[in-house]
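See structure below.
Quick caveat: nothing in here was measured; it's all calculated off a predicted structure. Both ligands and their constituent atoms are indexed starting at 1 by order of listing. Worth knowing before you read on, the calculation uses all heavy atoms, side chains too, and leaves out hydrogens, waters and symmetry mates.
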Amino acid sequence: MRSTDVLVQQHMVIDKVLDTLAQKLQDTPSAGALDVEFFRKLVAFSNAVDKCHHSKEEGCLFPCLTGKGMPREGGPIGMMLMEHEMGRALIRQLSETLDLYENGDASVDDVVSPCREYLQLLKQHISKENGVLYPMGENMMSEQDDAETLTCYEDGEQEMGPEASEDLIRLAAEMNAEI
Ligand SMILES: [Fe+2]
């Protein structure tokens, strides 16, 4: 398996959760009660994505590609890094808004709004990575680059323990089960 294939497989899990989120947003009327547990799980899922997916890109794949001459600033890598930050900011906003909602200080729409933005951001982010950045990377990387990137992933997994990857799959399953 190539180092980009690992990331494409993780995108499939993320994409499934995004579809579940789209459905949940559609099923959440402004005037009704909010399924707080679902949205808390979305926060936890996004944190797990950061730990075991974005860390592979930012810590292993992107450094390999910049080492091969792809610019870090301005090009597709700079764009992907910026979108990772935008996603983190939206999830922080969601988490804080959920606290406010539970105290009666925020509306359903206040909670739904960052979720809609997150959904759109991640959908197009994934399609740009799958359709543009990863194919560009595959063309630049030798077999040895690929092997070193896979080793970098494994080192990262060992460092953080198996929990992050397990969390990713468990939370995705739990969120789908709630539809
Ligand atoms: Fe990604």
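Residues Met136 and Val132 have side chains in contact (heavy-atom distance under 4.5 Å, counting atoms from C-beta outward). Proximity of Glu138 to Arg2: side-chain heavy atoms (C-beta onward) are separated by under 4.5 Å at one or more points.
No donor-acceptor pair under 3.5 Å is formed between the side chain of Tyr153 and the backbone N or O of Cys60. Side chain of Ser113 to main chain of Asp109: no donor-acceptor pair is present (N/O by atom type, distance under 3.5 Å, no hydrogens or angles). The backbone N or O of Leu94 sits nowhere less than 3.5 Å from a side-chain atom of Tyr118 that would complete a donor-acceptor pair.
Shown here are the protein N/O/S atoms lying under 2.8 Å from the Fe ion (ligand 1), water excluded: His11 NE2, His53 NE2, Glu57 OE2, Glu129 OE1.
Taken together, the cysteine pair Cys64 and Cys152 keeps its SG atoms at least 2.5 Å away from each other.
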